Amino acid sequence: MDKLASLYAFTQVVEAGGFAAAARQMNVGRSAVNKLVIALENHLQVQLLHRSTRKVTPTPTGFAFYEKCVQILADLEEAELSASQLHGEPKGLLRVNAPMTFGRMQVAPLVAKFMAQYPQVQIQLTLEDRFVEAIAEGYDLVIRIAEPVESASLISHPLCETKLILCAAPSYLERHGIPQSPGDLAHHNCLRYGPTGNTWHLVGPQGEVSVNVSGSFCANNGEALAIAAAAGLGIAQLPQFILDAAPWTEQLTVVLPEYNHRTLSTYVLYPINRHLSIKVKLLCEFLQQHLAAADLSG
């Protein structure tokens, strides 16, 4: 049995969620991947994977073994780069996940610059506005705008902060009036982030204030909320980077400007077993440097 090939095939199956998907990523036949994993299970005399017609998932033993395998492969990559005097020059595939609008406006341009600087790196960038299980879904890096996740299996680093701004179209304010205090928001149509975004946290002259809000429209994407606000639908709480980048946000008026100082943290997280990967390390540092310089806090 080729242990190294079997370990690599097994990790690809876990990350891809199936043999066919792993075979496509490895550019080999499905049967070849299946044989490598079966040989590995026979050698270890344990079942590593639950197989079904819809998806392949690791057993508890398989998941623990997967984490060890990823560590071994990362160590091997590090050793190969050092031995070939390419230490610090990343190569290979990086799977990156980021929020939709922030990823399009901020991450995608930086990824292009990073790849121009390191041409041996291939990046697979997925943009979506949902919570992502970095390890289970096979991502090397996940970028999120939220509070850092405390996890024994994930490492997180801050990238930048962005301010949230309350705003609405002048047409909406003419029809419904201009809020004079945070409490007035309870009487307005507030455009919320997701079905659970019913509480807005504001910081003003008296400190932090929490306000329960409601409205006829919610979305899991900030750009969609900004479009609705610009159309005069209601009041939205939008990140500074959207207001700076989208031309139609010029139609929006700031509401309660003295209460618009709360910031959101943007951070990158990655599985702890990726800490020795040069390409992960360099992309993290690249994002930290450029996003901090962008000054998205307004």
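Nothing here was measured: the structure is a model prediction, and the numbers come from that model.
By the 4.5 Å heavy-atom criterion applied to side chains, E208 and L202 are not counted as neighbours. With a 4.5 Å cut-off on side-chain heavy atoms, T266 and I143 count as touching. Contact of the L110 side chain with the F286 side chain is registered, since non-hydrogen atoms from C-beta on lie closer than 4.5 Å. At least one side-chain heavy atom of L256 sits under 4.5 Å from a side-chain heavy atom of L185. When side chains are defined from C-beta on, Y193 does not count as touching C218, because their heavy atoms never get closer than 4.5 Å. Side-chain contact between L166 and V254: absent, with no pair of heavy atoms (C-beta onward) separated by less than 4.5 Å. Here the side chains of T199 and V213 are not in contact, with every heavy-atom distance at 4.5 Å or above. Annotation: side chain of Y139 is in contact with side chain of T126 (closest heavy-atom distance under 4.5 Å).
Separating the CG atom in L252 from the CD1 atom in I235 is a distance of 11.0 Å, to the nearest 0.5 Å. The structure places CZ of R30 at 5.5 Å from CG of N34, a figure rounded to the nearest 0.5 Å. Taking NZ of K281 as the reference point, atom OH of Y270 lies at 9.5 Å (rounded to 0.5 Å). A distance of 7.0 Å separates CZ in F241 from CE in M105, rounded to the nearest 0.5 Å. The SG atom of C190 lies 11.5 Å from the CG atom of L225; values are rounded to the nearest 0.5 Å. Atom-to-atom distance recorded for D244:CG and T162:OG1 is 8.0 Å, nearest 0.5 angstrom.
Residues G177 and P179 approach most closely at O-CD, 3.7 Å, considering heavy atoms. Minimum interatomic distance between A5 and L36 (heavy atoms only, all atoms of both residues): O-CD1, 3.9 Å. For P58 against V14, the heavy-atom pair with the smallest separation is CG-CG1, 4.1 Å. Heavy atoms only, all atoms of each residue included: S6 and L40 are closest at O-CD2, 3.9 Å. For A229 against A169, the heavy-atom pair with the smallest separation is O-CB, 3.3 Å. Closest approach of P271 to D140, counting heavy atoms only: CD-O, 3.6 Å.
For the residue pair D129 and N220, no side-chain donor N or O sits within less than 3.5 Å of a side-chain acceptor on the partner. Under 3.5 Å, the side chains of Q122 and R95 contain no donor-acceptor pair of N or O atoms. For H50 and T57, the side-chain atoms include no donor-acceptor pair closer than 3.5 Å.
Partners of F217 by ring-ring contact (aromatic ring centres under 6.0 Å, His included), not counting sequence neighbours: none found. R54 pairs by the side-chain contact (heavy atoms from CB on, under 4.5 Å) definition with S52, not counting sequence neighbours.
Using a 30° and 60° split on the angle between ring planes, F65 and F10 fall in the tilted class, from 30° to 60°.
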- Message: side-chain contact (heavy atoms from CB on, under 4.5 Å), that's the test. Do I165 and Q240 meet it? Break it down for me.
- Response: CA-CA 7 Å; I165 308 294; Q240 184 72 51; 3.7 Å; yes
- For Y118 and K279, what are the C-alpha separation, side-chain angles and deciding distance, and is it a side-chain contact (heavy atoms from CB on, under 4.5 Å)? CA-CA 9 Å; Y118 300 105; K279 56 182 182 283; over 6 Å; no
- Go through N198 and N212 one step at a time and tell me if the side-chain contact (heavy atoms from CB on, under 4.5 Å) criterion holds. CA-CA 6 Å; N198 299 319; N212 292 325; 5.7 Å; no
- Working for side-chain contact (heavy atoms from CB on, under 4.5 Å), residues V132 and R144: CA-CA 9 Å; V132 172; R144 279 292 164 261; 3.2 Å; yes
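Cluster membership check: L4 shares its hydrophobic cluster with V33, using side-chain heavy-atom separations under 4.5 Å among Ile, Leu, Val, Met, Phe, Trp and Tyr. Criterion: ILVMFWY side-chain heavy atoms under 4.5 Å apart, direct or through other members. Under it, Y66 and L44 are part of a common hydrophobic cluster. In the hydrophobic clustering of this structure, L93 does not group with L125; members are Ile, Leu, Val, Met, Phe, Trp, Tyr whose side-chain heavy atoms approach within less than 4.5 Å, directly or through other members. Under a hydrophobic-cluster definition in which Ile, Leu, Val, Met, Phe, Trp and Tyr are linked whenever side-chain heavy atoms come within less than 4.5 Å, directly or via other members, V56 and I38 are assigned to different clusters.
Distance alone, capped at 3.5 Å, is enough to place a donor-acceptor pair between the Q288 side chain and the P158 backbone. E41 contributes a side-chain N or O that, together with a main-chain N or O of L48, makes up a donor-acceptor pair within less than 3.5 Å. A distance-only check finds no donor-acceptor pair linking the side chain of R192 to the backbone of S214 [under 3.5 Å].
Legend: side chain to side chain donor-acceptor pair (under 3.5 Å) pairs involving residues 179-189, not counting sequence neighbours, sorted by first then second residue: Y172-H188, N189-S216.
Of the listed residues (L159, V107, I155), just one forms a side-chain contact (heavy atoms from CB on, under 4.5 Å) with V268, and that residue is L159. The one candidate from E137, R130, E128 that meets the side-chain hydrogen bond (donor to acceptor under 3.5 Å, both in side chains) condition with N97 is E128.
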